[in-house]
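First comes the structure, then the notes that go with it.
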Amino acid sequence: MARVVLEHVEKVYPRGVRAVRDLSLDVADGELLVLLGPSGCGKTTTLRLIAGLDEPTRGSIALGGRVIDRLPPKDRDLAMVFQTPALYPHLTVLENLAFSLRLRGVPRKAIRHNVLRIARLLGIDDLLDRKPRQLSGGQGQRVALGRALVRRPACYLFDEPLSSLDARLREHLRSELKRFHQRLGITTLYVTHDQEEAMALAERMAVLCDGALQQVGRPLEVYDRPANRFVAGFVGSPPMNFLEGTVVGAEGRLWFDASGWRLAVGNADLASYAGHRVVLGIRPEDLRLAGPTEMPDGAMRAEVALVEPLGDRAWVHLEVQGRFRLVARAEARHTPARGATLLVQIPWDRAHFFEAGQPGRRIAEAGQPSPGGLQEPPRPICR
Ligand SMILES: Nc1ncnc2c1ncn2[C@@H]1O[C@H](COP(=O)(O)OP(=O)(O)O)[C@@H](O)[C@H]1O
Ligand SMILES: [Mg+2]
């Protein structure tokens, strides 16, 4: 077991592709940290740098308190699962699973016991005699995962290990992996582009965009207080609704004004933004829907354009007075029909506010507007 510390790590590939930008990350001993971000944001590169398969352009990486920058991959005591499974084609599944243990001289009986246990966990115990070419993509991926899990390294590095599996198996193995981690407590960096998988699995998650770290925190911290507009839009499905408008002080109070539609807001943190453009964010489950006769404060008349029923709930796509589109969550038994007219209300205390423009940082208590909406040097554009 070991703590993993990245300090100001950069990776610039030939032709100037900056895959990882000034990344500092501290993964506690025994922690399961999920690296989350869209395709191409530098997740695989980050794992390859930790594994020693690529060299950072700048910065340093420590494992268990020891700087490992000069250590060859085989001496790093890590087990990595790659995005595309790497198996020995001439060995059976059983031999593939046992390979690293045999290499380390583990006694035969212990190997067999361990391999069978992991094979059962991953549901591949009926495939042990097959060769890799006789496996489907998802089966091969599970064997690759098994090859890592039979070992007890200082740290596991998982690169989207469940992405090629069908949804049910993916959810099943996600919970098995979490259980496995809870039992053994081996430091784990787990990469995914799937925000639901990240939320379900992570003790903490680190959100990346265009090689740059956006936010690190426990899943619900990130969900409830996204640090900027990118994180707000990336974490949560369907994504948060966004409306751009201006903060207006009038009649002794603050208003959010979006092309004439006004919402009275009580957020003291907006006071210093009077006269500035801001973006209001509201999650689908936080919108309130009401029949056309009730008239809650600041409600907007909306038409139901589309309904996506999911069993226990439905996503309702609304057209608001031809000006905005919003997605709301409705309970299964109270789902309005397409074409229905209703009222939608944004409770101001459930709304998130971000600066307009990039990087769209969260407007926090006592936050001061940054000149022109930008506080720091221009950051990569993450939408
Ligand atoms: N060997 C390489 N040479 C040049 N560019 C690369 C190489 N590997 C990855 N990249 C680029 O680096 C960026 C990050 O890639 P990657 O780490 O694979 O992202 P992710 O795993 O998040 O999808 C991408 O723009 C990708 O095209
Ligand atoms: Mg990748």
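Start at 1 and go down the list; that is how both ligands and their atoms are numbered. What's counted below: heavy atoms across the whole structure, side chains too, no hydrogens, waters or symmetry copies.
- Counting only residues at least two apart or on different chains, the side-chain hydrogen bond (donor to acceptor under 3.5 Å, both in side chains) pairs with a member in residues 304-313 are E308-H317.
- Comment: R325 engages E319 in a salt bridge, judged by a side-chain N to carboxylate O separation of less than 4.0 angstrom.
- In terms of protein heavy-atom proximity, atom 5 (N) of ligand 1 is nearest to Y13 CD1, 3.3 Å.
- The tally of protein N/O/S atoms under 2.8 Å from the Mg ion (ligand 2) stands at 2.
- E197 and T192 share a donor-acceptor pair across their side chains, judged by distance under 3.5 Å alone.
- At least one heavy atom of C41 sits closer than 4.0 Å to an atom of ligand 1.
- Checked for salt-bridge contact, R218 and E203 miss the test: no charged N lies under 4.0 Å from a carboxylate O.
- Each of the atoms 12 (O), 13 (C), 14 (C) of ligand 1 lies under 4.0 Å from some heavy atom of A19.
- Scanning G16, C209, G40, G211 for the heavy atom closest to atom 23 (O) of ligand 1 points to G40.
- The side-chain hydrogen bond (donor to acceptor under 3.5 Å, both in side chains) contacts involving residues 160-186 comprise E160-H193, where partners must be two or more places apart or lie in separate chains.
- Closest to atom 18 (O) of ligand 1 among all protein heavy atoms lies T44 CB, 3.7 Å.
- Taking only nitrogen or oxygen atoms, main chain and side chain alike, V17 does not reach within less than 3.5 Å of ligand 1.
- For residues 74-83, the pairs satisfying side-chain hydrogen bond (donor to acceptor under 3.5 Å, both in side chains) are T44-Q83, with sequence neighbours left out.
- Here the side chain of Q195 pairs a donor or acceptor atom with the backbone of G236 at under 3.5 angstrom.
- D159 places no side-chain N or O within 3.5 Å of a backbone atom of V81 that could act as its donor or acceptor partner.
- Taking any N or O of T45, backbone or side chain, at least one lies under 3.5 Å from an N or O belonging to ligand 1.
- In this structure, atom 19 (O) of ligand 1 lies nearest to the protein heavy atom G42 N, 3.2 Å.
- Among V216, L6, L33, V5, the single residue meeting the side-chain contact (heavy atoms from CB on, under 4.5 Å) criterion with D26 is V5.
- At a distance under 4.0 Å, no protein heavy atom can be found next to atom 26 (C) of ligand 1.
- Inspection of the Q215 and N228 side chains reveals no N or O donor paired with an N or O acceptor under 3.5 Å.
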